[in-house]
Amino acid sequence: MKKLIILFLALALFGAMVACVSEPPPAPVVTEKPEPTPEPTLPPPPPPQIIEHKTSDFGGNVPNWVDKTALQLEKDPEFNGYYVFIIDQSGKDLNGVKIWATNFVAQDQISRMISNRVQSKFVGAAAGDSDMLETYMESVVKSVSQAEFSGVRINDEFWIKKRYFDQEGNVDYEEYRYLFLITVPKKDINDAIERAFDGTKPKTEEEKSAMDRVKDAFGEGLD
């Protein structure tokens with residue numbers, strides 16, 4: 001009898017073990033991560049407002065040259081024979097901006113703008129010879145940038161006072177913007193370019209030929 005009981009228990013234990021092996025393991029519990037809450041985006045601040053300008057006390061209008069480029073103005077018959085430059089400076093103090101722009105910025109910026117235009121035209125004129133004429137170009141640009149032009153003239157000036165806002169629409173700060181319309185006789189600059197060309201001598205016939213092509217391209221100046 002005891003043997004039967006033992007045999008029965010053994011069979012029951014074996015059956016339980018088989019059942020445990022045959023049952024698939026429980027599926028892992030997948031916890032979905034919540035979508036991150038996007039940070040609120042603040043609206044852009046309101047655009048700045050022009051609250052005053054040079055002629056606002058007299059009901060005057062903004063001059064038409066203010067919203068034009070220098071190259072556009074050079075096509076105007078009024079500026080025939082002149083290169084046009086626009087100096088644009090900003091600051092918190094009106095007189096301070098004017099003095100700074102007139103005494104310290106104008107000449108430096110004019111030289112830089114002339115140099116940029118000379119270099120841009122030089123690169124286009126040199127075409128495939130640009131590597132050969134790189135030193136020549138640097139010499140010409142440097143010479144022109146250091147030239148002084150007696151015919152520099154401030155044709156007009158205009159200022160505006162702008163008010164800026166923060167993202168909540170509150171006043172952030174106010175600033176003056178001062179613009180100068182400056183002209184230089186084309187002859188002054190073209191003569192300086194010609195002197196710069198003549199100051200560098202070619203080393204080979206090939207270099208001379210390339211230099212001559214560049215000089216021909218500058219026959220009409222910077223236009």
Side-chain angles (χ1 to χ4, degrees), residues 41-122 141-193 196 220-223:
T41 56
L42 295 175
Q49 293 179 350
I50 295 177
I51 57 175
E52 188 181 2
H53 60 73
K54 181 179 178 180
T55 59
S56 57
D57 287 348
F58 310 101
N61 298 319
V62 177
N64 61 0
W65 62 266
V66 168
D67 60 356
K68 292 184 179 180
T69 67
L71 293 178
Q72 287 174 328
L73 291 171
E74 284 179 9
K75 297 177 182 178
D76 192 312
E78 179 183 354
F79 301 105
N80 185 36
Y82 291 89
Y83 291 118
V84 177
F85 302 91
I86 297 175
I87 308 298
D88 190 342
Q89 289 293 309
S90 298
K92 299 295 179 65
D93 179 72
L94 179 60
N95 289 329
V97 175
K98 181 178 180 179
I99 293 171
W100 173 256
T102 305
N103 296 336
F104 301 100
V105 176
Q107 184 61 46
D108 180 64
Q109 285 205 15
I110 290 171
S111 296
R112 188 180 302 117
M113 287 185 286
I114 291 173
S115 299
N116 289 340
R117 288 179 66 172
V118 169
Q119 184 170 354
S120 177
K121 181 151 187 177
F122 202 112
V141 171
K142 181 179 179 181
S143 176
V144 174
S145 68
Q146 293 175 344
E148 294 186 1
F149 306 103
S150 59
V152 175
R153 178 172 156 231
I154 298 177
N155 282 56
D156 198 5
E157 56 184 277
F158 193 79
W159 59 264
I160 59 176
K161 185 178 182 181
K162 300 178 74 173
R163 177 176 290 162
Y164 293 83
F165 303 89
D166 59 21
Q167 290 179 314
E168 296 178 353
N170 301 314
V171 176
D172 190 8
Y173 65 95
E174 294 178 351
E175 186 177 63
Y176 289 96
R177 183 180 173 193
Y178 220 117
L179 298 102
F180 296 85
L181 174 64
I182 296 177
T183 58
V184 184
K186 288 186 176 182
K187 186 178 185 308
D188 287 6
I189 296 178
N190 294 342
D191 287 349
I193 294 172
E220 298 298 325
L222 298 179
D223 297 331

Sidechain-backbone polar pair: Lys92 side chain, Tyr173 backbone, donor-acceptor under 3.5 Å: no
Calculate, to the nearest 0.5 Å, the distance between atoms NZ and NE2 belonging to Lys161 and His53 respectively. 13.5 Å
Between Val66 and Ile160, is there a side-chain heavy-atom distance shorter than 4.5 Å? no
Kindly check if the number of other-residue, nucleotide or ligand heavy atoms within 6.0 Å of CG (Asn80) is above 12? no
Is there a donor-acceptor pair under 3.5 Å between the side chain of Ser56 and the backbone N or O of Glu52? no
Are the side chains of Ile86 and Leu181 in touch, meaning some heavy atoms are under 4.5 Å apart? yes
In terms of ring plane angle, is the pair Tyr176 and Trp159 parallel, tilted or perpendicular, where the classes change at 30° and 60°? perpendicular
Qualifying residue, where the test is side-chain contact (heavy atoms from CB on, under 4.5 Å) with Phe165 and the options are Pro47, Pro46, Pro48: Pro46
Does atom NZ of Lys98 have more than 12 heavy-atom neighbours, drawn from other residues, nucleotides or ligands, at distances under 6.0 Å? no
Between CD1 on residue Ile110 and CD1 on residue Ile189, distance to nearest 0.5 Å: 8.5 Å
CD of Gln89 to OH of Tyr178: how many Å apart, nearest 0.5 Å? 12.5 Å
Is the closest side-chain heavy-atom distance between Phe79 and Asn155 below 4.5 Å? yes
Got Val84 and Asp76 here, is their nearest side-chain heavy-atom distance under 4.5 Å? no
Flag, side chain of Ser115 to backbone of Ser111, donor-acceptor distance under 3.5 Å: yes
Would you name the heavy atoms of Val144 and Phe149 that are closest together and state the gap between them? O-CZ, 4.0 Å
For Ser90 and Arg177 the tightest heavy-atom approach is OG-CG, 3.8 Å
Distance from Ile193 atom CD1 to Lys186 atom NZ, nearest 0.5 Å? 11.5 Å
Quick one: pull up CG in Asp188 and OH in Tyr82 and give me the separation to the nearest 0.5 Å. 9.5 Å
So does Phe85 have more than 12 non-hydrogen atoms from other groups sitting under 6.0 Å from CZ? yes
So, Thr55 side chain and Phe58 main chain: donor-acceptor pair closer than 3.5 Å or not? no
Output the distance between atom OG1 (Thr183) and atom CG (Asp156), rounded to the nearest 0.5 Å. 11.0 Å
Measure the shortest side-chain to side-chain distance between Tyr83 and Met113 over non-hydrogen atoms and say whether it is less than 4.5 angstrom. no
Check ion pair Lys68-Glu78 (N to O, under 4.0 angstrom): no
Would Glu174 and Arg163 pass as an ion pair if we require N to O under 4.0 Å? yes
Judged by atom type as modelled, is there a donor-acceptor pair below 3.5 Å linking the side chain of Asn170 to the main-chain atoms of Asp166? no
